[in-house]
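Quick note on labels: first sequence line is chain A, next is B, and so on, each numbered from 1. Both backbone and side-chain heavy atoms feed into the values below; hydrogens, waters and symmetry mates do not.
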Amino acid sequence: MELSKNYIPNEVEAKWYQYWLDKDYFSSKPDDREPYTVVIPPPNVTGVLHMGHCLNNSIQDILVRRARMHGKNACWVPGTDHASIATEAKVVGMLRERGITKSSLTRDEFLKYAWEWKDKYGGIILQQLKKLGCSLDWNRTSFTMDPAYYKAVIEIFIKLHNEGIIYRGLRMVNWDPVGKTALSDEEVIFKEIDSKLYYVSYPLTDGSGSITVATTRPETILGDVAICVNPTDERYKNFVGKHVIVPIINRKIPVIADEYVDAEFGTGALKITPAHDKNDNELGKKHGLKALNTLDSEGRFTAEELAEDNPSELVLSYNGIDRFDLRKKIVTDISAINQIQKIEDYKGQIGTSERTGAVIESRLSLQWFMDMKKFIGQNPGTIDSVATDQIKFHPAKLKNTYSYWMENIKDWCISRQLWWGQQIPAYYTADGSFAVAASKEEALQKLITQDATLTINDIQQDEDCLDTWFSSWLWPMEVFKGISNPGNPDYNYYYPTTTLVTGQDIIFFWVARMIMAGYAFKDQQPFTDVYFTGMVRDSQGRKMSKQLGNSPDLLGLIDTYGADATRFGIMIASPAGNDILFDESALEQGRNFNNKLWNALKLIKMWEGRQAYEVSRETSVVNEGLGNITHDSRLTTHDFAIRWFQHRLNQVKADVDEMMNQFRLSEALKTIYSLIWDDFCSWYLEWVKPGFEQPIDKDVYEKTVAYFEELMELLHPFMPFITEEIYHLLQNKQDDLCVKQVALLQPFDKSILEAGELLKQVISALRDARNKNQLKPKESIKLHIQTESTANYKAIENILLKQVNAESISYTEATVSNTIVVAVEKDKFFIETEQKLDTGALKNELLKDLDYQKKFLESVSKKLSNERFVQNAKPEVVDLERKKMSDAEARIKTIEESLQNLI
RNA sequence: GGGGGCAUAGCUCAGCUGGUUUAGAGCAUCUGCCUUACAAGCAGAGGGUCCGCGGUUCGAACCCGUGUGCCCCCA
């Protein structure tokens, strides 16, 4: 079969993914193996694949594929999140394009559009995950609004309400005037902005002067109910208890004192607007002040609550003006009456909506909350499990972040003024009393006990729906129907899950709440390990964003480089827990790696038809410094190569195991990469490679194929497609790499590995000497070796000959004149060549080396002559230093002899 | 304002229990090679004030203190 010049991934990848699906390799059923369960962090149902998903899901696939090959029953559950606010925003946008406003639709009509949207776009991201090679169990695909899941969410709401954890209350909430909904604290992103500090004077009612207040929000002035100063502030001592007039509205308000006020900020006097600021609201409550709301749900002015002030024409003319326009207008109007003293530039922080980006308003609103202190108090495992590493965080530093948040947790606002989501199961009567129940009928049963005349038509369900995260926190349980059908065999087998892989940015939104749910509803941790990925940034460290246009088109990248190369590129650049700087050159490296593998395959396939037993294998085995080496045949060199690579492979497998257990995926991949590229291709294959059109020994061939297979096995979780392809092209296989079970780790012999390293070192040194003396690669040399252990070199003569392009090797006891001298450890190598030598350059090299060695010797002997070192240091450390010293001395001697030889 | 983290080659990062030479890797750079698997390649090389200062120790990239700069989280 003819293999293409370079590896072409596209067809290969599509072919194998379909093949794996046809063989049903990714589907999992409970059996007597140990489960390895991973639930995907469900992407937004309308989302498309981006770099973050790519990183995240590559990691999950690596872990899952590896577990599958290591005897575990691997189950990776796919699915999507209904993403209440994000999806609703998209649907509203789509309707707007069609000229339909949300307000013109009934709830049912709107939901019909939303489901249409979901059905049309909902599967896209899952299809994209297939392109990436993700080995998800598609039979288990879940959605947070599936009927059973929906029911489970409602059930949990009712349960927590019955337990008094969920309550309804009028509270200050974070209000998104664009999404027109309340948000949780976690959905508010604080941003630093350039704003202005306005100094506004409020005249005293007794005419004795005025008090100046610094504010960043003059548009809320009409809701002011007091001025507050610090009681220790001498400047304002005489003002406390007096009254001032609010500009424009002319309301009379008191000057009060409270320690909360920071005398250093602004003028030291604070205006209190309880309806529009959380802290003001607290102060308002404390001092018995009224809250006057002056903004509507869309952030526009409303005078509705200002009737008592007999608002003027001017005030009424503000009605309907947006808060930011109002700010300018009010500043102009206060300026006109000379009550703006100055305006300063100010760097301030504002909260914005995570989803719509709108500036958040603090707003008094009747919402549903979860009493988190009480909830966590009942489920201490939530905090303890992470502190005691029963749930292990990778990187562990996030444990602190987690526990700090847990210990300072605030109540969770779970209601949203949206339609796309689980509708809150509370039912109201006309007089405002309500019951929480699974259905309208049940609610009626409850309400009827208070008012026997009620009928089903008299009650109405809460219009609002629940925070998306109030459904996603059940994800690891409910994908196995753990809430809707507890005790079912799947749930018993797969839950708790094994590893969760997710972004650091949703540690509070999601991870923390899943842990709570785990302890609250099953009294168990939901997973044992959490691997937190960083954020994917561009090569300059900037966040990827649509505005910057720096987020690459992932599917385009997969088309260009292949999924394997894309996975490689993103994994090689992502040390655990750090942000990853994405650079397309990493994908190029991945593609080149594909090509390297492909060419190694081509080389080995060339040998396939040229196998022969060339020399009898009946040879003596002698135990020498290089391990057990067979002597005196062409094959002896191959025996060394084969033995060395076997041990090297065993060693790397053990290393990789260790790294994978510690979730050091990037390092594991680097290690495998280097094993394949350097040890296998650059060294091993060159060592066993027969001459041009020469046959290869059958045993060597078979060993080489077996090694290549093992390498593919090791690499498969990282680069599933090309490894499966090569596995099948190497020789006809009945089984598939995807589900191959790996063998147990084998021990390795250090002395053989050291011998291999020495050989590499000698070859490199000789090549370096050739290079420095400008010997053409084609120019053959004669090599003379001066050594005490001739046998060691006899065993690898053929490798040496080939690798340094020597035509002969001989052994000598004396120095050989007129040659290039190379010293490695205690051995000397003389390169005899036709070419005229530049002894000056040679001499310089040797002198440089000599200088280095002498300085080194000096530092070691200094250390050893320090009595305190010899007394205090561990004996093995001292011994090591002694060995260093004697090695350095020997080497200096060698170099000095070589120098003499030159002259 | 509170908390956490980071600073090592041009870039991205290893360096785990303080001692494996005078600190490593990948990428990038430079030199030489179209050597019959691979130029998407091969063979080599150069490149470091381990952020500054002070301390502990026989010994510090590593531990402690301090300064500087950057990042993240929370309010």
Side-chain angles (χ1 to χ4, degrees), chain A residues 3 5-7 185-186 188 190 262 278-279 349 351 395 397-405 408 410 504-505 507-508 534-535 539-541 561 565 572-575 577-583 585-586 588-607 658 662 664 666-667 669-671 673-674 677-678 681-682 685-686 689 691-693 763-772 774-778 802-805 852-853 855-860 862-874 876-878 880-881 883-885 887-888 891:
Chain A
L3 295 176
K5 184 171 184 305
N6 288 332
Y7 175 65
D185 292 342
E186 287 67 39
V188 178
F190 282 90
D262 176 8
K278 249 181 211 171
N279 298 314
Q349 292 241 311
K397 64 181 176 189
L398 287 170
K399 279 165 69 174
N400 287 334
T401 314
Y402 177 86
S403 62
Y404 184 83
W405 183 79
N408 295 283
K410 307 266 168 25
Q504 286 174 26
D505 50 337
I507 180 170
F508 307 134
M535 190 183 293
S539 56
Q540 292 156 54
Y561 296 98
I572 203 82
S574 72
N578 284 8
D579 282 356
I580 100 154
L581 300 193
F582 175 79
D583 193 336
S585 72
E588 230 170 276
Q589 196 188 343
R591 181 197 58 185
N592 296 353
F593 186 35
N594 271 340
N595 210 42
K596 189 71 185 177
L597 294 169
W598 189 247
N599 278 293
L601 172 73
K602 271 162 62 182
L603 177 65
I604 292 169
K605 291 309 276 185
M606 275 173 52
W607 298 343
E658 180 79 19
Q662 295 173 36
R664 289 153 64 189
S666 178
E667 271 180 84
L669 178 56
K670 274 179 192 158
T671 305
Y673 173 79
S674 158
W677 199 302
D678 302 328
C681 293
S682 297
L685 287 180
E686 294 298 334
K689 192 186 204 171
F692 182 49
E693 292 194 337
I763 293 168
S764 290
L766 291 172
R767 282 171 172 172
D768 184 30
R770 289 185 59 118
N771 245 359
K772 290 218 168 98
Q774 292 172 333
L775 294 185
K776 292 260 181 296
K778 280 184 180 167
K802 238 187 333 193
Q803 295 269 280
V804 303
N805 192 19
Y852 177 94
Q853 294 297 336
K855 278 189 184 153
F856 174 61
L857 180 64
E858 204 182 314
S859 83
V860 176
K862 203 174 144 195
K863 210 175 198 180
L864 280 167
S865 59
N866 180 341
E867 273 176 39
R868 297 214 280 175
F869 168 71
V870 181
Q871 277 167 20
N872 293 324
K874 278 180 273 180
E876 57 266 37
V877 174
V878 179
L880 193 67
E881 292 300 316
K883 185 175 180 301
K884 283 184 202 167
M885 186 158 89
D887 285 355
R891 183 134 172 89

Under-4.0 Å side-chain N/O to phosphate OP1/OP2 contact, [X] with [N]:
{"X": "A/Tyr402", "N": "B/G3", "value": "no"}
{"X": "A/Lys5", "N": "B/A39", "value": "yes"}
{"X": "A/Lys884", "N": "B/U20", "value": "yes"}
{"X": "A/Asn592", "N": "B/G41", "value": "yes"}
{"X": "A/Trp677", "N": "B/A37", "value": "no"}
{"X": "A/Ser666", "N": "B/C13", "value": "no"}
{"X": "A/Lys689", "N": "B/A37", "value": "yes"}

Is there a donor and acceptor pair, one atom on the side chain of [X] and one on the base of [N], closer than 3.5 Å?
{"X": "A/Glu686", "N": "B/A43", "result": "no"}
{"X": "A/Gln589", "N": "B/A40", "result": "no"}
{"X": "A/Lys596", "N": "B/C38", "result": "yes"}

Exercise. Contact class for A/Arg767 (heavy atom, under 4.0 Å): base, sugar-phosphate, or nothing?
Worked result: sugar-phosphate

Side chain of [X] - closest among [options]:
{"X": "A/Asp185", "options": "B/A75, B/A43, B/G2", "value": "B/A75"}
{"X": "A/Ser764", "options": "B/C27, B/A37, B/G44", "value": "B/G44"}
{"X": "A/Lys602", "options": "B/A43, B/C58, B/A37", "value": "B/A37"}
{"X": "A/Met606", "options": "B/C42, B/G19, B/A37", "value": "B/A37"}

Exercise. Start at the 5' end of RNA chain B and walk down; is the nucleotide closest to A/Lys874 or to A/Met535 reached first?
Worked result: A/Lys874

Seminar exercise, completed: Taking for A/Leu603 and for A/Lys410 the nucleotide of RNA chain B with the nearest heavy atom, the one nearer the 5' end belongs to A/Leu603

Has [X] got a side-chain atom pairing as donor or acceptor with [Y]'s backbone, closer than 3.5 angstrom?
{"X": "A/Asp768", "Y": "A/Ser764", "result": "no"}
{"X": "A/Thr671", "Y": "A/Glu667", "result": "yes"}
{"X": "A/Arg664", "Y": "A/Glu658", "result": "no"}

Exercise. Is there a side-chain contact between A/Lys689 and A/Leu603 (heavy atoms, below 4.5 Å)?
Worked result: yes

Rounded interatomic separation in angstrom, taking [atom1] from [X] and [atom2] from [N]:
{"X": "A/Trp598", "N": "B/G41", "atom1": "CH2", "atom2": "P", "answer": "17 Å"}
{"X": "A/Glu658", "N": "B/G15", "atom1": "CD", "atom2": "P", "answer": "13 Å"}
{"X": "A/Lys397", "N": "B/G5", "atom1": "NZ", "atom2": "P", "answer": "9 Å"}
{"X": "A/Lys883", "N": "B/U21", "atom1": "NZ", "atom2": "P", "answer": "12 Å"}
{"X": "A/Arg868", "N": "B/G18", "atom1": "CZ", "atom2": "P", "answer": "20 Å"}

Problem set entry | Over 12 non-hydrogen atoms of neighbours within 6.0 angstrom of NZ in A/Lys883 | no

Exercise. Just wondering, more than 12 heavy atoms not from A/Glu867 lying within 6.0 Å of its CD?
Worked result: no

Problem set entry | Whole-Å C1' distance, B/A9 and B/G54 | 27 Å

